[in-house]
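Just so it is clear: chains get the letters A, B, ... in the order the sequence lines come, proteins before strands, and each one is counted from 1.
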There are 2 protein chains.
Amino acid sequence: MRAASQQMDLVFGALADPTRRAILARLADGEATVNELVAPFELSQPTISKHLKVLEGAGLVSRGRNAQFRPVRLNAKPLAEASRWIGDYRRFWDESLDQLEAYVKDLQAKGEPS
Amino acid sequence: MRAASQQMDLVFGALADPTRRAILARLADGEATVNELVAPFELSQPTISKHLKVLEGAGLVSRGRNAQFRPVRLNAKPLAEASRWIGDYRRFWDESLDQLEAYVKDLQAKGEPS
DNA sequence: CATCTATATTGCTAAATAGAGATATATCAA
DNA sequence: TTGATATATCTCTATTTAGCAATATAGATG
């Protein structure tokens, strides 16, 4: 099994490209053929196929078979891991520092809240 | 102002490297000097400095000044954006397939385009 | 079979990246 | 001032990446 950290490298690396994020956004509306994914971009078909390979390597899409089509569908599971990783930093952004300090003091004073 | 999409390229690109993720994890415990960040790795100081530049370019860390030290501290705000982006896909992983299908059917019943 | 369509693969180039060692700069301390 | 420490910058190399055009393959259809 691939180390979790390597998997994160692949997932975040895949998300680092705007074309690939746009492909995922498109796939959120349902599966698509490669040509359907090529259409909105001014990029060649081989280039999109390469992006799809990166997404597939990260586990973010999977491919089917339907005659000469290889429909692409979203597989969001790896995003759950990525979300969890980022979530560990939530306390650093969703409260101002003062509020965070107050919150921590409140925790210490009262015990476990929601 | 930098386009939001470019900012995401930088943030996800920064997170795609395990050394940089480890640096952020370390900074969650408080600010650190460059040498303190070098110590846990078998990487040279210039290499860590380069990673810090990438993190700074993504807005994920900021630098202070204290004598000859340039303390590095976490700036998690850009992670909020990244989290929001990923969050748009939450419904694809935090519900069972049956529930997802029900959700899609519900959308279709309400006339939401696919 | 011949051909058309969908997609993958190959081979290339240019640019970006991670890493190193050497050296420069800035500040402190004696 | 001299030297020590912290960090940045320069220059180089190897690897990876995004992109393209050309070509190969797989399946449908005339």
For the pair made of [atom1] in [X] and [atom2] in [N], what is the distance, rounded to whole Å?
| X | N | atom1 | atom2 | answer |
| --- | --- | --- | --- | --- |
| A:Gln6 | D:dT16 | CD | P | 13 Å |
| A:Phe69 | D:dT25 | CZ | P | 21 Å |
| A:Arg20 | D:dT16 | CZ | C1' | 12 Å |
| A:Ile48 | D:dA18 | CD1 | C1' | 11 Å |
| A:Arg63 | D:dG27 | CZ | C1' | 16 Å |

* Asked: Residues two or more places apart in sequence or in another chain: which of them pass salt bridge (charged side-chain N to carboxylate O under 4.0 Å, His left out) with A:Arg20?
  -> none
* **Axis bend over the full length of the helix from C:dC1-D:dG30 to C:dA30-D:dT1, computed from five pairs that close each end, to 10 degrees** => 10°
* **Of all pairs that satisfy salt bridge (Lys or Arg N to Asp or Glu O under 4.0 Å), the ones with a partner from residues 49-62 of chain A, not counting sequence neighbours** => none
* Scan residues 61-87 of chain B for pairs that pass ring pair (Phe, Tyr, Trp, His ring centres under 6.0 Å), counting only residues two or more places apart or in two chains. => B:Trp85-B:Tyr89
* **A:Thr33: side-chain hydrogen bond (donor to acceptor under 3.5 Å, both in side chains) partners, not counting sequence neighbours** => none
* Asked: Sequence neighbours excluded, which residues qualify as side-chain hydrogen bond (donor to acceptor under 3.5 Å, both in side chains) partners of B:Arg73?
  -> B:Ser62
With sequence neighbours left out, write down each residue that passes side chain to side chain contact (heavy atoms under 4.5 Å, CB included) with [X], or none if nothing qualifies.
| X | value |
| --- | --- |
| B:Ala16 | A:Phe12 |
| A:Gln7 | A:Arg2, A:Leu10, A:Val11, A:Pro78 |
| A:Arg84 | A:Glu81, A:Asp88 |

Show me the side-chain donor-acceptor pairs of residues 38-47 of chain B shorter than 3.5 Å, one per line, residues at least two apart or across chains.
from: B:Ser44; atom 1: OG; to: B:Thr47; atom 2: N; distance (Å): 3.3
from: B:Ser44; atom 1: OG; to: B:Thr47; atom 2: OG1; distance (Å): 2.9
from: B:Gln45; atom 1: NE2; to: B:Ser49; atom 2: OG; distance (Å): 3.1

* Asked: Hey, is the main chain of A:Ser83 close enough, under 3.5 Å, to the side chain of B:Arg90 for a donor-acceptor pair?
  -> no
* Want to settle it: does A:Lys53 or B:Val54 sit nearer the 5' end of DNA chain C, counting the closest nucleotide to each? -> A:Lys53
* Asked: Can you find a side chain N or O atom of A:Asn35 that sits less than 4.0 Å from OP1 or OP2 on C:dT7?
  -> yes
* Asked: Given side chains that start at C-beta, do those of A:Asn75 and A:Leu55 come closer than 4.5 Å, heavy atoms only?
  -> no
Would you tabulate the pairs of protein nitrogen or oxygen atoms and nucleotide nitrogen or oxygen atoms of nucleotides 25-30 of chain C closer than 3.5 angstrom?
from: C:dT27; atom 1: O2; to: B:Gln68; atom 2: NE2; distance (Å): 3.4

Report all interatomic pairs (protein N or O, nucleotide N or O of nucleotides 19-22 of chain D) with separations under 3.5 Å.
from: D:dG19; atom 1: OP2; to: A:His51; atom 2: NE2; distance (Å): 2.4
from: D:dG19; atom 1: N7; to: A:Lys50; atom 2: NZ; distance (Å): 2.9
from: D:dG19; atom 1: O6; to: A:Lys50; atom 2: NZ; distance (Å): 2.9
from: D:dC20; atom 1: OP2; to: A:Ser44; atom 2: N; distance (Å): 2.9
from: D:dC20; atom 1: OP2; to: A:Ser44; atom 2: OG; distance (Å): 2.9
from: D:dC20; atom 1: OP2; to: A:Thr47; atom 2: OG1; distance (Å): 2.6

